[in-house]
Amino acid sequence: MSKESSIVYRTVSDVSGPLLVVENTHDVSYNEVVKIRSPAGELLTGTVLETGKGRAIIQVFEGTSGLDTDTTAVRFTGDTLKLPVSSEILGRVLDGAGNPLDKGPPLTAEDHWDIYGSPINPYARQYPRQPIQTGVSAIDGLNTLVRGQKLPIFSGSGLPHNRLAAQIVRQAEIPGEEGEFAIVFAAMGITATEAQYFMQSFEETGALEHTTLFLNLANDPAIERIITPRAALTAAEYLAYTADMHVLVILTDMTNYAEALREISAARSEVPGRRGYPGYLYTDLSLIYERAGRIHGRNGTITQMPILSMPQDDMTHPIPDLTGYITEGQIIVGRGLHRRGIFPPIDPGPSLSRLMKEGIGEGMTRFDHKEIQAQLYYAYSEGRDLRDLVAVVGSEALTDRDQKYLKFADRFEAEFINQGEFEDRSFEQTLDIGWNLLSDFPERELKRCDPETISWARDKGVYKPS
């Protein structure tokens with residue numbers, strides 16, 4: 001006989017926020033699922049957050065409104081939270097706990113997987129290789145996303161990171177391997193309007209066919225926000241390691257996730273760390289981010305693009321700061337570019353993909369990718385530095401060479417970084433745009449490019465110096 005059917009606890013000693021404290025418990029495990037019967041007869045669900053010395057602290061998914069210490073009944077199920085998994089999970093819209101939101105049938109289960117997963121043995125990990133094409137030039141050309149990588153997007157309040165996320169979902173693919181590619185998209189703490197935007201955008205463009213959406217709304221319980229990324233990554237692990245697919249996981253907004261973590265930590269009266277966040281924030285984030293990767297002997301891969309909005313655009317804030325330690329680079333959504341009407345406003349200066357070198361070149365993107373990326377970075381940084389100089393001495397003091405770099409910076413933002421929200425560019429198109437922009441310079445200025453590469457671009461007709 002299971003614990004659920006044999007033991008009913010009526011020893012609730014405290015109800016506080018989303019938490020319930022049960023005394024005199026026996027044989028209770030961390031993360032165990034709990035069934036709670038309210039005084040009104042409503043059945044609620046929770047999970048064990050802390051246990052020891054005959055005491056269990058439970059997070060209640062639906063909140064503790066209506067619960068009391070006298071008549072509330074608690075049963076421990078002896079099991080952890082599990083997600084029903086199968087290939088039919090693609091094309092579905094689910095809530096943060098994995099329940100259908102799309103009026104479709106319940107998920108068909110080939111198996112039930114623990115949403116907390118298990119750590120990947122470091123010895124079993126393979127180094128990330130091969131690119132994913134997002135269709136966004138500022139990412140594909142300058143900070144290429146590599147399969148198995150963790151590449152976060154750092155944004156700010158009011159910036160269009162959700163539009164960028166939707167564009168990546170619509171466009172992302174692996175050229176030549178489209179049938180083996182899937183996207184798991186998890187949104188945490190978003191408004192109903194934002195949820196409707198994502199669902200409508202993916203349905204209208206057909207992206208939903210190869211996508212699984214997990215949507216946690218702002219008015220949903222904080223504990224569900226904690227579950228959402230874990231449920232999404234469990235779905236991704238099934239698609240990658242059982243269905244042999246290459247999976248891109250987009251998590252937005254990790255700041256809302258961390259706020260929920262702080263709320264629950266405060267309810268538990270834990271000693272706060274930096275800015276009130278729990279001291280285990282780094283460990284908690286790493287348990288999510290480190291579920292990306294490649295595994296020896298498995299064809300599938302999991303790539304992550306977590307998105308987080310930096311409070312006050314502060315990169316030293318604990319959430320982006322700790323995320324930067326765990327991940328392999330960052331894409332920065334810049335407020336300055338946004339004010340100038342550039343979309344997507346990705347700032348190449350502080351953006352970085354540390355694994356880019358493993359995903360570009362002959363047989364992956366194009367043999368000239370590394371050279372043109374380095375040349376574009378150099379020319380753009382020169383132009384940006386000259387903007388600061390012009391603000392002091394005026395443009396009349398610049399040499400003809402300086403004027404070319406100043407003009408290039410403007411064109412680079414307007415033609416390379418800036419692109420339509422529904423404009424999907426291939427690696428080939430992105431690199432060709434780069435060469436066309438470099439046509440403003442004579443060959444002697446292209447010091448980051450091999451003369452043979454420049455000759456090839458000239459013969460191809462993409463580099464046409466005046």
Side-chain angles (χ1 to χ4, degrees), residues 136-144 154-156 159-160 164 313-315 329-353 356 360 366 368-420 423 425 427 429-466:
V136 179
S137 291
I139 297 175
D140 293 346
L142 304 176
N143 296 287
T144 311
F154 291 178
S155 184
L159 295 180
L164 174 59
D313 294 357
D314 181 11
M315 283 190 67
Q330 67 277 329
I331 302 294
I332 305 295
V333 178
R335 198 170 293 278
L337 288 172
H338 179 61
R339 287 173 179 155
R340 291 200 290 276
I342 304 296
F343 179 85
I346 295 174
D347 188 349
S351 296
L352 171 68
S353 174
M356 177 177 175
I360 62 173
R366 205 168 71 183
D368 60 324
H369 194 154
K370 179 59 182 173
E371 294 173 57
I372 194 169
Q373 183 250 10
Q375 188 64 55
L376 289 172
Y377 254 119
Y378 171 77
Y380 181 56
S381 62
E382 283 281 297
R384 286 178 60 157
D385 290 344
L386 287 166
R387 283 177 181 168
D388 297 335
L389 182 61
V390 166
V392 177
V393 302
S395 59
E396 297 79 8
L398 300 183
T399 64
D400 289 343
R401 176 184 180 276
D402 292 342
Q403 293 283 5
K404 286 182 183 294
Y405 279 99
L406 192 63
K407 177 186 173 185
F408 173 85
D410 294 336
R411 285 193 63 201
F412 181 76
E413 290 175 354
E415 299 176 36
F416 190 92
I417 298 176
N418 188 53
Q419 67 181 84
E423 181 183 356
R425 296 177 182 171
F427 284 120
Q429 290 171 319
T430 290
L431 297 177
D432 286 351
I433 291 170
W435 278 114
N436 285 325
L437 290 171
L438 291 174
S439 296
D440 287 349
F441 301 109
E443 186 173 330
R444 66 177 180 275
E445 287 293 329
L446 307 187
K447 298 175 182 177
R448 268 73 176 168
C449 297
D450 189 279
E452 292 184 5
T453 305
I454 298 172
S455 178
W456 170 87
R458 194 194 299 267
D459 293 342
K460 191 175 185 288
V462 291
Y463 174 61
K464 297 174 283 190
S466 54

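We number each residue from 1, following the sequence as shown. Fair warning: this is a prediction, and the values are worked out from it, not measured in the lab.
For the side-chain hydrogen bond (donor to acceptor under 3.5 Å, both in side chains) test, residues two or more places apart in sequence or in another chain that qualify with Thr430 are Ser137.
Taking a cutoff of 4.0 Å between a charged side-chain nitrogen and a carboxylate oxygen, Asp432 and Arg425 do not qualify as a salt bridge.
Paired with Val462 under the rule side chain to side chain contact (heavy atoms under 4.5 Å, CB included), one option of Lys464, Lys460, Arg458 passes, and it is Lys460.
The CE atom of Met356 lies 11.5 Å from the CD1 atom of Ile139; values are rounded to the nearest 0.5 Å.
Here the shortest heavy-atom pairing between Pro348 and Phe412 reads CG-CE2, 4.1 Å. Nearest heavy-atom pair, Ile372 versus Leu438, reported as atom, atom and distance to 0.1 Å: CG1-CD1, 3.9 Å. Shortest non-hydrogen contact noted between Ser351 and Ile332 is OG-N, 2.9 Å.
Side-chain contact between Phe441 and Lys404: present, with at least one pair of heavy atoms (C-beta onward) separated by less than 4.5 Å. Counting heavy atoms from C-beta outward, His338 and Val333 have side chains that stay 4.5 Å or more apart. Looking at heavy atoms from C-beta onward, Asp440 lies out of side-chain contact with Tyr405 at the 4.5 angstrom threshold.
No hydrogens or angles considered: a donor-acceptor pair under 3.5 Å links the side chains of Thr399 and Asp402.
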Verdict with supporting geometry, Arg387 and Glu413, salt bridge (charged side-chain N to carboxylate O under 4.0 Å, His left out): CA-CA 13 Å; Arg387 283 177 181 168; Glu413 290 175 354; 2.9 Å; yes
